[in-house]
Amino acid sequence: MTLTRRHLLGMGAALGGVAALGGWSLWQGRGQSPLLLSARNDDAGRHYCAGYFLDGSRAFATPVAERCHDVARHPFLPLALFVGRRPSRESYLVDLRDGRLLQTVHSQPQRHFYGHAVFHGSGDWLYATENDLSEPGRGVLGRYRLDRQSLQLIHEGEVPTHGVGPHQLAWMPDGESLVVANGGIRTEGSREKTNLDSMAPSLVIMDRQGELLSKETLQHQQSSIRHLAVADDGTVVTGQQYQGEAWESVPLLAVKRPGQPYQPFPVAASQLAMMDQYTASIAIHSRRRQVAMTAPRGNRFFVWDLDTAATLIEVPMADCAGVGVVDDGFAVTSGQGRCRYFGYRDGQQASHWLDLPGGWWDNHLRLG
Amino acid sequence: MRAVYLVLLAVLVSACSNPREEVTVQLANQVLLPAHEQWHGSNGALRVAAEGFCAGELDRPALEQSFYRALQSWSYLQPLMVGPMAEGNRSWQVQFWPDKRNLVARQVEALLDASNPLTPDALESASVVVQGLTAFEYVLFDETVALADSMARYCPLLTGIARHQQALSGSVLAMWEGPEGMLKALTQFPNDRYASADEALASMLRTQITAVDVLKKKLGVPMGRLNNGVPQPWQAEAWRSQHSIGNLQESLAGARALWERVRPLVGDAELVTRIDAAYENTAQKLAGLPDPLVEMVQDKASLPRLKVLYESIDHLENLQQTELARDLGIQIGFNANDGD
């Protein structure tokens, strides 16, 4: 029998491994308000793995050595991996009930993390995008097994991402194949880009054993594919960062609908101009068929209709960074100002500030 | 009783002056908006001058003066252009810099070859490269353009650019002054853009500090700092009109105007003294340069002087970006500089 995430959630505390994490049901009881997970800094520049309930109360803020990027939430255990930001060699496995650091996961020799990872629905495996420094830029997915007894992630090998500089990855609806954004940029273990004239970005769908299912590219070779989200029906939306001239107008969003080729998502030229060639996070509200995107350089937040591409929300928001789905809308964090809620329903926009600390939120957030 | 207490509290809170909000409102009303108005005004004057010159009613020095004034007000504006002018790639329509591949000259000539005489529609739908002051400067100052002999060819572009600049600055000003405009967003809180005056003040400071960083680039690029020390004189801004240093002075003055208003908010008196000194030092070094930048970067004997100037701007930037930001509790740059 193939277990889906829903099955596992339904089974809840009955699962064997959960015994090692006594108190899970108690912790869940506190979750009347959704838990927002994100990497965050403080005013002094120290790095934290942070968890805040959306009502503003702090669940934890665990100090760590390296700045993290995205967060991989375990499908049913109160665990998440805060993934080291390029070219970090550390990621942090955190107990979401109290913020306890369960493990500092060190990258393998000649590898570093790229900031994104996902847990498989079984809860037993984690896949992280990594750089092969012996062949810089060659993308791999590190495969890590979660040992349920020791609550440690153990490296069990890797598979290629069939491209250069992989960044974000996500599960397709089957829960077995992965969509990976290969950013196309070579970095040699630093943040310096070394191949802007010969970039090769691609959107890859592969199974988790590493077999390539599809590989598609965009027209503009300097359009680095970085971030993505997947709707329930398998529609993938990606956000690009254009490495060419600042004044050029190049598509920064693309969509792959089921059975269709990967192509630009149609947005207005004036909206593209507002993005300053840089997109940070994508989130899809599957039930409402809405796609949200943050553009922190342009200080702009957008929501479009996923099917018609009609603009539902376009607002200024300073250094808007992470975006995630909540109820009927989206929670958006900022590196500089306050966090906000935005919703669009029945032709009406709704917006209010969230009672969360302002500023220093990193590019991505996860809601648990 | 409770209601009375709440009313009293509200009165007390509103009576308490909030120095940061006061400074923010003052900056918006007395510094940022006037800089936008001044820029718009100089574009109007440029349009009148271009039309007068092309009608044979105005001499060339008068047109050059109008061009310099438009360039100056644009340079002054850059550290102060919070909001509409900083968004939507609008600034590229004013100035195309750095022009690494001499696109301005090539695209101007190609446009005029393709559309002679140039129609307003052709200019509006053309690349930003040919719509701004850099293209205007090329026509007016480039050695290869014999303007006096080819007025029919170039005049539609001169007047077209001036009209485009006036329309652009007019539309930006309208976005400031409209009922839900930028001026309101910077003076009445909370609003759709800013949760508080603190956020608005922070965005002003970020714009200003970014502009100081751009000053470094405007000096460092022609000096060859990004080119293994090999000077790149044709990548100086406004090199054709030899106005690079004038631009740097105006931008520094715009940055300083903002700093003057922020100064009273700074708790550390010693830091205030150091930032004041850094502005004064940089201004004096700029004022003391003997030759146009495009010539100085090609003269080995001048390079130490330019290096000292560069370090002076770098010092000013550091003071503001780290110490001033810390003193005021303001975050300068985070995800917008992330590159992930």
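Hydrogens, waters and symmetry mates are skipped; everything else that's a heavy atom, side chains included, is used. Treat the numbers as computed from the prediction; the structure is a model and nothing was measured. Here is the naming used below: chain letters follow the sequence lines, and residue numbers restart at 1 for every chain.
With a 4.5 Å cut-off on non-hydrogen atoms, B:F96 touches chain A through its side chain but not through its backbone. Residue contact with chain B, scored on non-hydrogen atoms closer than 4.5 Å, involves the side chain of A:D43 exclusively. In this structure, chain B has a heavy atom under 4.5 Å from the side chain of A:D276, while its backbone stays farther away. Looking at A:H116, neither its backbone nor its side chain comes within 4.5 Å of chain B, counting heavy atoms on both sides. Proximity to chain A involves both the backbone and the side chain of B:A195, based on heavy atoms less than 4.5 angstrom apart. Using a 4.5 Å cut-off between heavy atoms, B:R206 contacts chain A through its side chain alone, with no backbone atom that close. A:R226 touches chain B through its side chain: at least one heavy atom from C-beta onward sits under 4.5 Å away, while N, CA, C and O do not. B:E87 touches chain A through backbone and side chain together, each having a heavy atom under 4.5 Å away.
Chain B forms the most heavy-atom pairs under 4.5 Å with one residue out of A:Q271, A:M275, A:R340, A:Q277, and that residue is A:R340. Note on A:M274, A:R338, A:Q336, A:R297: by heavy-atom pairs under 4.5 Å with chain B, the leading option is A:Q336. Your options are A:A246, A:A273, A:S249, and the one with the most heavy-atom pairs under 4.5 Å with chain B is A:A273.
Using a 4.5 Å heavy-atom cutoff, the side chains of B:S127 and A:W247 are in contact. Taking 4.5 Å as the limit, every side-chain heavy atom of B:N89 sits out of range of all side-chain heavy atoms of A:L272.
Taking CH2 of A:W361 as the start and CD of B:Q331 as the end, the distance is 11.5 Å to the nearest 0.5 Å. Between atom CG of residue B:D340 and atom OG of residue A:S224 there is a gap of 10.0 Å, rounded to the nearest 0.5 Å.
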